[in-house]
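A short write-up of the structure that comes next.
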Amino acid sequence: MGKKTVVVIGGGAAGMSAASRIKRLKPEWDVKVFEATEWVSHAPCGIPYVVEGISPMEKLMHYPPEVFIKKRGIDLHMKAEVMEVDTGHVRVRESDGEHTYEWDYLVFANGASPQVPPIEGIDLPGVFTADLPPDALAIREYMEKNNVRNVVVIGTGYIAIEMAEAFVAQGKSVTLIGRSERILRKTFDKEVTDIVEEKLKESLNLRLEEMTLRIEGQGKVEKVVTDADEYPADLVVIATGIKPNVELARELGVKIGETGAIWTNDKMQTSVENVYAAGDVAETRHIITGRRVWNPLAPAGNKMGYVAGSNIAGKEMHFPGVLGTSVTKFLDLEIGKTGLTESEAVNEGFDVRTAFIKAKTKPHYYPGSKEIWLKGVVDNETNKLLGVQAVGAEVLPRIDTAAAMLMAGFTTKDVFFTDLAYAPPFAPVWDPLVVLARVLKF
């Protein structure tokens with residue numbers, strides 16, 4: 001095979017996983033990574049917690065660049081923007097001018113960008129997105145230099161809720177504005193989002209089914225105007241979703257999938273020979289439905305990069321797909337899901353039955369017991385579990401267990417008889433997940 005040159009576009013989770021894997025298997029190969037910012041292996045999921053003041057900014061880099069350069073031998077170029085991609089070479093703008101580099105293998109790991117609605121006044125000082133670690137720094141700096149009392153967050157997804165928490169926790173007056181009729185509409189069923197909305201309303205001004213028309217201010221942001229009202233704003237965060245960065249891939253003639261992200265097979269190969277894609281820029285398949293999905297979440301992104309790197313270096317590996325497992329919180333209310341919601345399952349043509357239960361996380365006599373609500377979705381034909389949603393306290397062990405059950409194709413009977421651990425400090429004798437299976441019947 002001889003020595004090969006691999007070019008990786010993007011130094012985030014997927015890109016650095018791919019590059020590290022190739023160097024592990026083929027240390028003699030030349031692996032170049034081009035990252036447009038000065039951040040590598042960064043953790044954008046940590047941005048809200050830096051804004052909240054829980055975590056220091058510099059910790060958002062999982063490994064400093066030196067680890068990749070010195071320990072792993074990766075030729076890492078930072079502040080290096082790939083301008084053009086062609087068969088066998090890329091053109092890159094770097095601090096000392098433009099350079100052309102050749103490649104035998106190419107990996108698109110250039111992620112996704114905020115989808116910013118065309119709102120007037122969006123470029124006023126004090127208006128931010130929360131996409132990359134530098135955004136967290138910019139928000140913190142703006143708060144230090146300006147008297148920020150009123151914060152408006154636009155959006156109803158995970159990032160919007162996490163950013164809203166960051167400001168609520170610092171005593172700010174927060175307004176959360178969304179076009180949807182409910183929060184987290186695409187990810188959760190109504191029984192779950194009702195509980196989340198109740199919780200949000202205790203701490204902030206929740207405005208749903210409102211369209212943001214414009215952002216106004218003299219020299220900096222002062223208010224947000226919707227089709228229903230206007231809200232004072234000393235700082236605005238726009239969290240209205242993200243879109244995959246597919247422009248460079250399109251230039252090369254790489255097939256874009258039905259989800260709008262780069263089409264890949266289970267080896268993370270694109271439609272063009274020796275070209276791979278991984279992370280938030282790539283689509284994959286849903287483990288339960290087999291359909292193409294775009295699931296821009298960090299655990300899958302890291303694994304996709306690992307799989308792409310393995311296959312490039314000649315070690316065959318297949319990525320099975322995703323369940324869409326995810327978890328977040330607002331203050332002390334945790335929210336999580338894995339697999340299909342009821343509405344997703346019905347849209348996919350499944351004949352389903354569901355159950356929604358409320359349980360306690362510990363026996364009634366043991367201190368610290370909290371409430372948890374679980375929703376289960378089951379296929380009537382096969383009795384197989386299709387998805388679980390949870391809200392309340394201690395949701396992670398239930399969601400993770402359910403994810404493993406979905407991977408293994410459990411029926412409700414399998415769930416019921418799973419030998420889960422019990423002791424009063426940890427869980428009730430009938431774990432909420434087992435109770436859910438009992439209510440769902442088998």
Side-chain angles (χ1 to χ4, degrees), residues 6-24 31 33-37 39-48 60-63 68 72 74 76 82 106-115 130-133 135 157-159 162 187 241-246 248-249 254 256-257 259-270 275-287 292-312 317-328 336-338 399-400 403 407:
V6 183
V7 162
V8 179
I9 305 174
M16 296 321 289
S17 290
S20 300
R21 183 69 178 147
I22 296 163
K23 284 303 274 190
R24 166 64 57 89
V31 178
V33 177
F34 298 107
E35 167 53 47
T37 70
W39 285 75
V40 290
S41 74
H42 51 75
C45 311
I47 292 169
L60 288 193
M61 245 193 289
H62 199 72
Y63 292 107
F68 296 107
R72 300 189 185 175
I74 295 167
L76 175 59
V82 177
L106 181 68
V107 181
F108 285 105
N110 48 332
S113 298
Q115 206 158 10
D131 175 50
L132 292 166
D135 297 336
Y158 280 154
I159 304 292
E162 290 165 4
T187 336
I242 58 174
K243 57 181 188 299
N245 299 323
V246 296
L248 286 172
V254 167
I256 306 301
T259 65
I262 297 174
W263 178 92
T264 61
N265 64 13
D266 64 358
K267 289 176 160 184
M268 307 317 300
Q269 290 168 310
T270 69
V275 179
Y276 290 70
D280 291 359
V281 77
E283 66 175 30
T284 180
R285 62 182 283 279
H286 197 285
I287 287 170
R292 310 296 298 173
V293 286
W294 179 53
N295 189 68
L297 293 172
N302 275 291
K303 289 170 195 166
M304 286 173 169
Y306 188 89
V307 169
S310 298
N311 286 310
I312 288 168
M317 193 176 275
H318 300 263
F319 184 66
V322 295
L323 289 166
T325 309
S326 53
V327 66
T328 190
K337 77 164 281 204
T338 185
I399 291 301
D400 277 350
M407 281 297 276

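Because the structure is predicted, anything quoted here is derived from the model rather than measured. Sequence positions, counted from 1, serve as the residue numbers for this chain.
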Side-chain heavy-atom pair V33, I74 within 4.5 angstrom cut-off: yes

Tightest non-hydrogen contact, residues V8 and A109, listed as CG1-CB, 4.4 Å

So, for T325 and I399, which heavy atoms are closest and what is the spacing to 0.1 Å? CG2-CG2, 3.7 Å

Checking S20 against R72: is there a side-chain donor and acceptor pair closer than 3.5 Å? yes

What closest approach, in Å, do R285 and P320 show between heavy atoms, and which atom pair accounts for it? NH1-O, 2.7 Å

Could you pull out the closest heavy-atom pair between A298 and C45, with the gap in Å? CB-SG, 4.2 Å

Measuring from atom OG1 of T338 to atom CG of D400, what distance do you get when rounded to the nearest 0.5 angstrom? 8.5 Å

Separation of I287 CD1 from M407 CE (nearest 0.5 Å): 4.0 Å

How many angstroms lie between atom CG of N302 and atom CE of M304, to the nearest 0.5 angstrom? 11.0 Å

Where the side chain of D135 meets the backbone of L132, is there a donor-acceptor pair that is under 3.5 Å apart? yes

Once rounded to the nearest 0.5 Å, what's the spacing between atom CG of N295 and atom CG of D280? 9.0 Å

Does M317 offer a backbone N or O that forms a donor-acceptor pair with the side chain of N311 under 3.5 Å? yes

Please give me the minimum heavy-atom distance between A300 and V322, naming the atom from each residue. CB-CG1, 3.7 Å

Ring pair (Phe, Tyr, Trp, His ring centres under 6.0 Å) filter on Y158, not counting sequence neighbours, yields none

Output all residues satisfying side chain to side chain contact (heavy atoms under 4.5 Å, CB included) with Q269, sequence neighbours left out; order by chain, then residue number. N265, K267, Y276

Under 3.5 Å, is there a donor-acceptor pair between the side chain of T264 and the main chain of T284? no

Within a 6.0 Å radius of atom NZ on K23, are there more than 12 heavy atoms belonging to other residues, nucleotides or ligands? yes

Do W294 and I242 touch side chain to side chain, with heavy atoms closer than 4.5 Å? yes

Is there a side-chain contact between I256 and I262 (heavy atoms, below 4.5 Å)? yes

Quick check against the 3.5 Å criterion: does D266 have a side-chain atom that pairs as donor or acceptor with the backbone of H318? no

Can you tell me how far apart CD1 (I312) and CG (L106) are? Round to the nearest 0.5 Å. 8.5 Å

To the closest 0.5 Å, what do you measure between CG (L76) and CD (E35)? 8.0 Å

Check: I9 main-chain N/O paired with N110 side-chain donor or acceptor under 3.5 Å: no

Please name the pair of heavy atoms, one in I47 and one in P133, separated by the smallest distance, quoted to 0.1 Å. CD1-N, 3.8 Å

